[in-house]
Protein chains: 2
Amino acid sequence: MKSTIPDTGVPITPPATNGGDRQENRHEASLHGEILLRLRDYVVEGNIPDGARVPERQLCEMFGISRTPLREALKVLAAEGLIELLPNRGARIRQLSQRDLEELFDVMAGLESLAGRLACEAITDEEISAIEQLHYEMYGHYLHRDMHGYFQANQRIHESIVAAARNETLKTAYANFAGRIRRVRYSANFARKRQRWAEAMREHEAILDALRRRAASELSDILFQHLRNKRTAAIEHLAESEDDAPAAP
Amino acid sequence: MKSTIPDTGVPITPPATNGGDRQENRHEASLHGEILLRLRDYVVEGNIPDGARVPERQLCEMFGISRTPLREALKVLAAEGLIELLPNRGARIRQLSQRDLEELFDVMAGLESLAGRLACEAITDEEISAIEQLHYEMYGHYLHRDMHGYFQANQRIHESIVAAARNETLKTAYANFAGRIRRVRYSANFARKRQRWAEAMREHEAILDALRRRAASELSDILFQHLRNKRTAAIEHLAESEDDAPAAP
DNA sequence: ATGACAAAAAATGAATGCAAAATGGCCAAC
DNA sequence: GTTGGCCATTTTGCATTCATTTTTTGTCAT
């Protein structure tokens with residue numbers, strides 16, 4: 001006797017309270033902030049299908065709160081681009097078109113490219129060593145065909161570069177866009193091509209090389225191209241998986 | 001007998017309803033959307049001093065609405081980084097430290113750099129001609145020492161490049177960050193140095209040149225450096241003007 | 001059986017009400 | 001004269017309520 005959202009069939013399973021907040025500062029104090037964090041994770045993790053309605057009432061009883069703080073959180077999520085609010089017709093999970101995805105990847109590419117440029121100005125030898133460490137770790141996962149481990153190491157490398165840029169504003173913006181993409185990744189489980197793996201490894205080595213030499217604009221170029229290639233791979237993958245799972249009505 | 005906000009001395013002058021909405025889509029339909037647009041402009045135009053409290057109640061009677069839609073708008077503005085919400089202590093205009101400004105300028109530099117890169121892939125000859133037109137116009141203002149006209153032409157050039165990137169996501173993000181900086185510009189009236197003018201003109205010519213040749217990574221470098229120089233000029237100017245107007249308590 | 005229309009039901013948008021926290025003032029004590 | 005604590009007022013946060021719009025459902029006619 002599990003209650004579901006009739007329209008979408010989404011099971012109402014209250015997710016555990018968020019422990020590790022990433023970009024919000026002290027919003028966990030107030031209720032709407034707490035809700036914001038939980039709801040954002042809930043959406044990012046893909047618990048609600050693309051384009052589905054996000055009924056206030058259901059979410060209210062799911063979180064055990066009234067509509068006021070929830071609506072505040074919805075407005076913020078809409079501003080972040082995760083959902084969209086149709087006047088008098090409630091919130092829907094924002095359906096990303098292929099074009100939207102391309103745009104998002106390009107913006108991410110621009111931000112990482114910038115991060116690399118800035119990192120060259122401020123990164124320490126220790127930080128580079130740490131990234132090298134991650135690189136070798138990633139290489140190990142690559143050899144063992146461990147996609148999950150590879151992904152994690154890869155993500156940590158990119159996060160390290162962003163962190164080395166010493167720019168909190170950039171870091172926040174990066175996290176925001178990353179969240180939008182992650183939602184898609186959760187839904188359509190990216191399986192990367194073998195061939196792309198080898199390429200990506202080579203690119204990562206070039207990244208490390210440029211980083212060691214603090215070659216700012218060169219690193220900027222490489223990072224942009226690296227993300228561009230990622231974009232192409234992702235788009236191709238999505239185009240393929242559209243066969244078995246056609247777009248929502 | 002003009003009522004004022006006691007704490008801050010902000011005169012309550014209801015701004016006219018916003019005619020030209022820029023980044024929001026159809027939010028003008030609902031009341032909270034309307035309020036969002038008006039309040040954002042009100043804040044961006046610098047009508048409330050840095051770090052001052054933004055009392056809900058005053059704003060409510062100023063806009064003639066209840067607190068619910070206003071609070072929703074405040075949450076969004078906080079997410080955009082224009083204000084900050086202290087738990088149980090209301091909203092304050094976000095005070096940007098010098099470091100914050102530097103970070104913002106760098107992110108803007110990264111976004112414009114990206115815009116240039118992308119523009120090289122898609123820009124038409126007609127669009128380049130239009131930018132050249134703006135460039136000559138700007139040159140005229142430069143010769144006549146018309147700072148306002150120069151500024152406007154300059155801004156339109158940069159906006160044209162962003163538009164030529166054919167990326168709505170980028171455009172929105174760009175507008176967002178530009179708004180945060182514009183607030184500062186309104187408060188502390190940037191007066192650009194003569195010497196910097198000549199430099200900027202040269203840089204703009206280099207930009208045009210790279211754009212004509214569709215030299216993506218070169219343009220990317222130039223644009224980044226151009227914005228970096230802008231940043232330096234702005235920071236210096238702020239540092240100087242701190243003498244007569246010390247920081248808020 | 002199907003389509004259109006109308007009424008009921010539900011959901012959204014905004015306003016109000018209420019409890020808790022913070023701000024400010026006042027007085028006493030040092 | 002300054003400092004510290006106590007109480008009144010204000011303000012914030014959230015729940016509840018009211019009004020309007022949308023969506024569903026039921027009925028009837030074709």
Side-chain angles (χ1 to χ4, degrees), chain A residues 3-10 12 14 17 24-39 48 51-79 83-94 249, chain B residues 3-10 12 17 24-39 48 51-79 83-94 248-249:
Chain A
S3 77
T4 58
I5 299 175
D7 190 10
T8 65
V10 179
I12 299 185
T17 173
E24 302 302 321
N25 304 332
R26 53 206 161 282
H27 287 297
E28 71 285 348
S30 49
L31 187 46
H32 70 259
E34 161 94 22
I35 292 302
L36 177 59
L37 295 175
R38 293 215 279 164
L39 187 55
I48 312 178
R53 282 188 63 163
V54 183
E56 298 180 358
R57 222 160 153 320
Q58 304 279 355
L59 290 173
C60 284
E61 51 187 71
M62 170 169 138
F63 289 116
I65 57 164
S66 92
R67 283 175 52 216
T68 309
L70 183 94
R71 284 174 57 82
E72 293 175 346
L74 285 178
K75 299 286 178 301
V76 173
L77 291 187
I83 66 178
E84 56 187 351
L85 299 172
L86 303 140
N88 290 320
R89 298 179 66 217
R92 298 190 104 85
I93 296 295
R94 182 161 168 202
Chain B
S3 77
T4 57
I5 299 176
D7 191 9
T8 66
V10 179
I12 299 186
T17 172
E24 301 301 320
N25 304 332
R26 52 204 160 282
H27 286 297
E28 72 283 351
S30 49
L31 186 47
H32 69 260
E34 160 94 22
I35 292 302
L36 177 59
L37 295 176
R38 293 216 280 163
L39 188 55
I48 313 179
R53 281 187 66 163
V54 184
E56 298 181 358
R57 223 155 154 325
Q58 304 279 356
L59 289 173
C60 283
E61 52 187 70
M62 171 169 138
F63 288 115
I65 56 165
S66 89
R67 284 175 50 213
T68 310
L70 183 93
R71 285 173 57 81
E72 293 174 346
L74 285 178
K75 298 287 177 301
V76 174
L77 292 187
I83 65 178
E84 56 187 351
L85 300 172
L86 303 144
N88 290 321
R89 299 177 69 220
R92 300 188 105 85
I93 297 295
R94 184 164 165 197

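Below, each value reflects all heavy atoms present in this structure, side chains not excepted, and no hydrogens, waters or symmetry copies. All chains are named by letter (A, B, ...) in the order of the sequence lines, taking the proteins before the strands, and each is independently numbered beginning at 1.
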Check: Is any side-chain heavy atom of B:Lys75 closer than 4.5 Å to a side-chain heavy atom of A:Lys75?
Finding: no
Next item on the list: Return the set of residues passing side-chain contact (heavy atoms from CB on, under 4.5 Å) with B:Arg67 (not counting sequence neighbours), or none when no residue passes.
Entry: B:Glu56, B:Cys60, B:Arg71
Checklist line | Spacing between A:Arg57 atom CZ and C:dA10 atom P, to the nearest angstrom | finding: 9 Å
Next item on the list: Return the set of residues passing salt bridge (Lys or Arg N to Asp or Glu O under 4.0 Å) with A:Arg57 (not counting sequence neighbours), or none when no residue passes.
Entry: A:Glu61
Next item on the list: Measure the NE2-OG1 distance between B:His32 and B:Thr68 for me, rounded to the nearest 0.5 Å.
Entry: 12.0 Å
Next item on the list: Measure across B:Val76 and A:Ala79 and return the closest heavy-atom pair with its distance rounded to 0.1 Å.
Entry: CG1-CB, 3.7 Å
Next item on the list: Run the numbers on B:Leu39 and B:Leu70 for side-chain contact (heavy atoms from CB on, under 4.5 Å), then give the verdict.
Entry: CA-CA 9 Å; B:Leu39 188 55; B:Leu70 183 93; 4.3 Å; yes
Next item on the list: Can you measure from CG (B:Leu74) to CD (A:Glu72) and round to the nearest 0.5 angstrom?
Entry: 9.0 Å
Check: Between A:Arg92 (side chain) and A:Gly51 (backbone), is there a donor-acceptor pair under 3.5 Å?
Finding: yes
Notebook entry, point to check: Over its full length, what angle do the end axes of the helix from C:dA1-D:dT30 to C:dC30-D:dG1 make, each axis taken from five pairs and the result rounded to 10 degrees?
Noted result: 10°
Next item on the list: Measure the distance from CZ on A:Phe63 to P on D:dC14 and round it to the nearest whole Å.
Entry: 14 Å
Notebook entry, point to check: Taking CD from B:Glu56 and P from C:dA21, how many angstroms apart are they, rounded to a whole number?
Noted result: 17 Å
Next item on the list: Would you give the length of the straight line joining atom CD1 of A:Ile93 to atom CD1 of A:Ile48, rounded to the nearest 0.5 angstrom?
Entry: 4.5 Å
Check: What is the distance, rounded to the nearest whole Å, between atom CZ of A:Arg71 and atom P of C:dT12?
Finding: 8 Å
Item checked: Spacing between A:Glu72 atom CD and D:dA15 atom P, to the nearest angstrom -> 10 Å
Could you go through nucleotides 6-9 of chain D and list every protein N or O atom that sits under 3.5 Å from one of its N or O atoms, giving the distance for each pair?
none

Margin query: Measure CD/A:Glu61 against P/D:dA15 and give the value in whole Å, please.
Written below: 14 Å
Check: Along nucleotides 17-22 of chain D, 5' to 3', which nucleotides get a B, which get an S, and which get a -, given that the test is a protein heavy-atom distance under 4.0 Å?
Finding: ----SS
Notebook entry, point to check: Whole-Å distance between D:dT12 C1' and B:Leu85 CG?
Noted result: 11 Å
Notebook entry, point to check: Quick one: is D:dC14 close enough that its OP1 or OP2 comes under 4.0 Å of any side-chain N or O from A:His32?
Noted result: yes
Notebook entry, point to check: Does a nitrogen or oxygen in the side chain of B:Ser66 sit under 4.0 Å from OP1 or OP2 of C:dA15?
Noted result: yes
Next item on the list: Send over the distance from B:Leu70 CG to C:dT16 P, rounded to a whole Å.
Entry: 14 Å
